[in-house]
Amino acid sequence: MRYSEMFLPTGREVPSDAEVISHQLMIRAGMIRKLTSGIYSYLPLGYRVIRKVEQIVREEMNKAGAQEVFLPMVQPAELWQESGRWEYYGKELLRFHDRHERQYCLGPTHEEVITDLVRNDIKTYRQLPRNLYQIQTKFRDEVRPRFGVMRCREFGMKDAYSFDADEAGAEASYEKMFAAYNNIFNRCGLKFRPVEADSGSIGGKYSHEFMVMAESGEDAMIVCDKCSYAANLEKAEAGRPKKVDSTEKDWLILESVHTPNVRTIEELSDFLQVGPQDIVKTLIFNADGKPCAILIRGDQEVNEIKVKNYLGANELTLADDEMIMQATGAPRGFAGAVKIKTRVIADYSVMNMINFVTGANKEDYHLKNVNIGRDCEVESFADLRVVGKNDKCPRCSGNIQFVRGIEVGHVFKLGTKYSKSLKASYLDKDGQEKIMIMGCYGIGIGRTVAACIEQNNDANGIVWPIPLAPYHVIITPVNVNEGDVLKAADKIYNDLQAMGIEVIFDDRDERAGVKFKDADLIGIPLRVIVGQKNLISGNVELKNRKSGETKLYPLEKIVSEIKKNIDEGLEQGIATTHAGGKTPCSRI
RNA sequence: CGGGGCGUAGCGCAGCUUGGUAGCGCGCCUGCUUUGGGAGCAGGAUGUCGCAGGUUCAAAUCCUGCCGCCCCGACCA
C-alpha cells in the first residue's frame, strides 16, 4: 500500500488520557481511537494486527479440531434466566429491551447460546465430542474500563466450547485446547506462561490462564524457580503446616484487656507490644446473606476467592457494620472467635497458634491468651490466605517469585454447570440419557495485541514481531523528488507486491526524518531505505527495526533477502506442542 | 459505589485567582527555499471555551445543576 493513500494518522504527542505504553502507542501509531469510555474503533493499521491474531487463532483452533461458528451478540433474557445467570451476572451484563418490552442482553460470553444450539441439535453420543468456536465482539459493562483495549467494555474475543460424553473426553478436549493455546501464543511471538487459575465453584485443577509477562499487567502471579508450578495469586496455594499438638499445660490464663479505640492489627500490636503474628484477625464475611467468621494470623491476608470457594458461596463480601454488630455484639474492630454466634473457619496459619490475642466481641476490649479448644471452637482449618513473599512453592518447596502478567487466554473445564441447567443431554450406547460435559476456552484478541506491544516497544515506538506485524516491510525513499530514487523504490515495491509480501511504500513527499520516525512508531520489522548515495553503487539499505542493524544489498538481491527474513520470522513462532504433550512450551 | 482531577482548535496545553476583543506549540492549507532522523521563511484557515441555568452593562473566568473523561480506592478487625 502507498503511504500517501493510507488512513494512518500518527501522532507525536502522548495522549493525555493514556496511562500504559501499549495504549499510548496504539493511539500514536494510528491503530485505535476511542469512541467513548471502554469502546474503541480500530483503524486500518490496528485492524490488520487484529486480523493477524485472529488468523493464527483460526489456524490453530481448526488444527485442534474445533469448528468455527458465529453466534448472536444480542441474546434473549429467557436463556439467561434458564441458566440462572440473569440474576447472578450482575451489572456487567448490559440489559435492555426491544419495542415489545422483551428483555435482552449483550453477550458478555456465550455459554447459554452455544449450549442452546447444541442441546437442540446434538442428540446422541455418536455426535460427540464437538468443539465449536467463534471470534466475536463481546460486551461487558466493566466498572472501570482502563488501559485502552486492555480492559475495555466492547472487545473481540475468541471463545470455544467443547462438549463431551464423559469426563475422560472432556479432559482430552481440555488438553487439546491447552496445547492449541500454547501454539497460538508462541506463534504470536509472546513471552507467556500458563498458570493455574481459580476455577470458581467447579474446583479441581482444570483452569489455566495464559499470562503474557508484563510489568504493567493487572494480574499478580507466583512462579516457582525450580519446578513448573505457576499460579495466579488468587489461586496460589499456601502449603498446609504440620499440626503441632499443644497441651493444656502450655495454655496461659485467658485475660480480657481494655483496649480503647484500638481496632487495627497495627494499633493492637503497638498497644499490647506483641507482634502481628501473635494476633488472630477475625473477619466477618457475608456469605449469601449469612455471617461467617474467618480467622487468620495477624500478619497474613485473607484470600477472598479461597474463602468463597471453600464456603461454596455465590456471593461473598465483607460484612457491613450492622451484620458485624449482630454477629459479635460489638462494633467493627473487636471481633473474635470466643463466644461468637457464627460459623468459624480458620486459615492454616492459625492451626498451631497458642495464647494468641483476638477481639473480645465487646467494644474497646481484646482477649489475651486465647486457645482453640478451650476458649473457642473452629469448625475447620483450610487454606484461605494470600501467598506471601516468605512462602515456598507448594509443590517442590523451591523459592517463588512474584511476577505480573496480562491474562490473554483462559481455558476452563465447565463440567455440567450449563449443560445441566440448560438440559444439554444425549443418549449413550445403552439408550441412557446423560448430561454433556463442557469446557470453555477464551482468548482476548485485542488484549493479545496490546500485550504484544507491552512486550515489544522501545523509545521510538512499537517493535512488531513478524507474525503480528501489520506489514512486514516499509520502503522509505529518502527523497521522492529524486527521479532515480523514486524509480528504484517503486520497482522494489512492485516486486515485493508481486510476491505477495505485505509492504508499505512511503511515497510521501516528506523529509526523511519524518518518514523514519513514522516507520519506527508503527513498528514495521523491516525497512528498505532507498537513497541517492547508495544507489550510485547499486545498493539499498535494509534496516531491522528490532536490532537496529543495517546492511547494504544490491538492488537485484534485496527482494529475496527480504523474503528470507520474513520467512525466518514467521517460522520462529511455529510451535510443536500437541495434545498430550508434556510441559507447555513457555518462553519466560 | 467512595475519593481526587480534568473538560478551551485535530493533538498537547496556557488564560480563570482579580469578569472586559480567544491564545501558544505541534498538526492542517498556500507559496518559496530545503531534503538521510519529526526543516526554514512568509502568508492563511480552524473554537457553540462540555451542556443548561443564574449573577452582571459584560462570563472561558463567579455561582448552581447536569453530562463526559481520566486516576486512585472499593483491603479488613
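Naming convention: chains lettered A, B, ... in sequence-line order (proteins, then strands); numbering from 1 in each chain.
Nucleic acid contact for A:N460: none, since no nucleic acid atom lies under 4.0 Å from a heavy atom of the residue. Among the protein residues, A:T282 comes within range of the nucleic acid bases, having at least one heavy atom under 4.0 Å from a base atom. At a threshold of 4.0 angstrom between heavy atoms, the contacts of A:N534 include nucleobase atoms, whether or not backbone atoms are also involved. Looking at heavy-atom distances under 4.0 Å, A:L268 makes no contact with the nucleic acid at all. Across all strands shown, A:E541 has heavy atoms under 4.0 Å from base atoms, whether or not it also approaches the sugar-phosphate. A:K543 comes within 4.0 angstrom of a base, heavy atoms only. Using a 4.0 Å heavy-atom criterion, one finds that A:V480 contacts no nucleic acid atom at all. Note on A:I529: a base of the nucleic acid sits closer than 4.0 angstrom, heavy atoms only. Base contact: A:G531 has a heavy atom under 4.0 Å from a base atom. Using a 4.0 Å heavy-atom distance criterion, A:R28 is classed as a base contact.
In this model, the phosphate group of B:rC72 is approached by a side-chain N or O of A:R144 to a distance below 4.0 Å at OP1 or OP2. For B:rG36, neither phosphate oxygen OP1 nor OP2 lies less than 4.0 angstrom from any side-chain nitrogen or oxygen of A:T476. Under 4.0 angstrom from either OP1 or OP2 of B:rC76 there lies no side-chain N or O belonging to A:R332. In this structure, A:R511 does not reach the B:rG38 phosphate: none of its side-chain N or O atoms is under 4.0 Å from OP1 or OP2. Using a 4.0 Å cut-off, some side-chain N or O of A:K34 falls inside it from OP1 or OP2 of B:rC70. Taking only side-chain nitrogens and oxygens, A:S16 comes nearer than 4.0 Å to OP1 or OP2 of B:rG12.
A side-chain donor-acceptor contact under 3.5 Å links A:S216 and A:E454. Judged purely by distance below 3.5 Å, without hydrogens or angles, the side chains of A:T259 and A:D364 never pair a donor atom with an acceptor atom. In this model, no donor atom of one side chain and acceptor atom of the other lie less than 3.5 Å apart for A:Y471 and A:E502.
The interatomic distance linking A:E482 (CD) with B:rU34 (C1') rounds to 12 Å, in whole Å. In this structure, the CZ atom of A:F516 is 9 Å from the P atom of B:rG36, given to the nearest Å. Between the CD atom of A:Q300 and the C1' atom of B:rA77 there is a distance of 16 Å, given to the nearest Å. Atom CD in A:Q532 sits roughly 12 Å away from atom C1' in B:rG36 (whole-Å rounding). Across the protein-nucleic acid pair, A:I524 atom CD1 and B:rG37 atom P stand 21 Å apart, rounded to whole Å. If you measure from atom CG of A:L295 to atom C1' of B:rA77, you get 11 Å, rounded to the nearest angstrom. Rounded to an integer number of Å, the gap from CZ of A:F334 to C1' of B:rA77 is 9 Å. For the pair A:L535 CG and B:rG36 P, the computed distance is 14 Å after rounding to whole Å.
The side chain of A:R12 lies closest to B:rG27, out of B:rG27, B:rG37, B:rA39. Closest approach to the A:R146 side chain among B:rC71, B:rC75, B:rG12 is made by B:rC71 (side chain taken as heavy atoms from C-beta onward). Of the candidates B:rG36, B:rC11, B:rC76, B:rG36 carries the atom nearest the A:A512 side chain, counting heavy atoms from C-beta on. Closest to the side chain of A:K517, from the set B:rG37, B:rC71, B:rA77, is B:rG37. Distance from the side chain of A:L283 is smallest to B:rC76 among B:rC76, B:rG36, B:rG68.
As the counterpart of B:rC16, no nucleotide is assigned, since no Watson-Crick or G-U wobble pattern has both distances under 3.5 Å. Pair check for B:rC26 finds B:rG10; Watson-Crick or G-U wobble, both atom distances under 3.5 Å. In a base pair of the Watson-Crick type (N1 to N3 plus N6-O4 or O6-N4) or a G-U wobble (N1-O2 and O6-N3), with each distance short of 3.5 Å, B:rG36 is matched with no nucleotide. B:rG31: Watson-Crick or G-U partner is B:rC41, with both key distances under 3.5 Å. Within the shown strands, nothing qualifies as a pairing partner of B:rC75 under the Watson-Crick or G-U definition with both distances less than 3.5 Å. Within the shown strands, B:rG5 is the pairing partner of B:rC69 under the Watson-Crick or G-U definition, both distances less than 3.5 Å.
B:rC76 and B:rG7 have their P atoms separated by 32 Å, with the value rounded to a whole Å. Atom P of B:rG27 sits at a distance of 15 Å from the matching atom of B:rA42, rounded to the whole Å. One P atom belongs to B:rU8, the other to B:rG12, and the distance between them is 9 Å to the nearest Å. Remark: the separation of the C1' atoms in B:rC11 and B:rG47 is 15 Å, to the nearest Å. B:rG19 sits 15 Å from B:rC49 when the C1' atoms are compared, rounded to a whole Å. For the P atoms, the distance from B:rU64 to B:rU55 is 15 Å, rounded to whole Å. Between B:rG50 and B:rU61, the distance separating the two P atoms is 8 Å to the nearest Å. A gap of 13 Å separates the C1' atoms of B:rG20 and B:rA60, to the nearest Å.
Formation of a donor-acceptor pair under 3.5 Å by the A:R33 side chain with backbone atoms of A:I27 is found in this model. With hydrogens and angles disregarded, a donor-acceptor distance shorter than 3.5 Å links the side chain of A:N361 to the backbone of A:G336.
With respect to A:D506 and A:R2, no salt bridge is recorded, no charged nitrogen being found less than 4.0 Å from a carboxylate O. For the pair A:D278 and A:R297, the salt-bridge criterion is not met [side-chain N within less than 4.0 Å of a carboxylate O]. Ion pairing between a basic and an acidic side chain is recognised when a charged N comes within 4.0 Å of a carboxylate O; A:K281 and A:D299 show no such pairing.
Between the side chain of A:R527 and the base of B:rG37, at least one donor-acceptor pair of N or O atoms lies under 3.5 Å.
Taking for each of A:S37 and A:N479 the nucleotide of RNA chain B with the nearest heavy atom, the 5'-most of the two is the partner of A:N479. Residue whose closest nucleotide on RNA chain B sits further toward the 5' end, between A:T10 and A:E304: A:T10.
The heavy-atom pair separating A:M213 from A:Q455 by the smallest distance is O-NE2, 2.9 Å.
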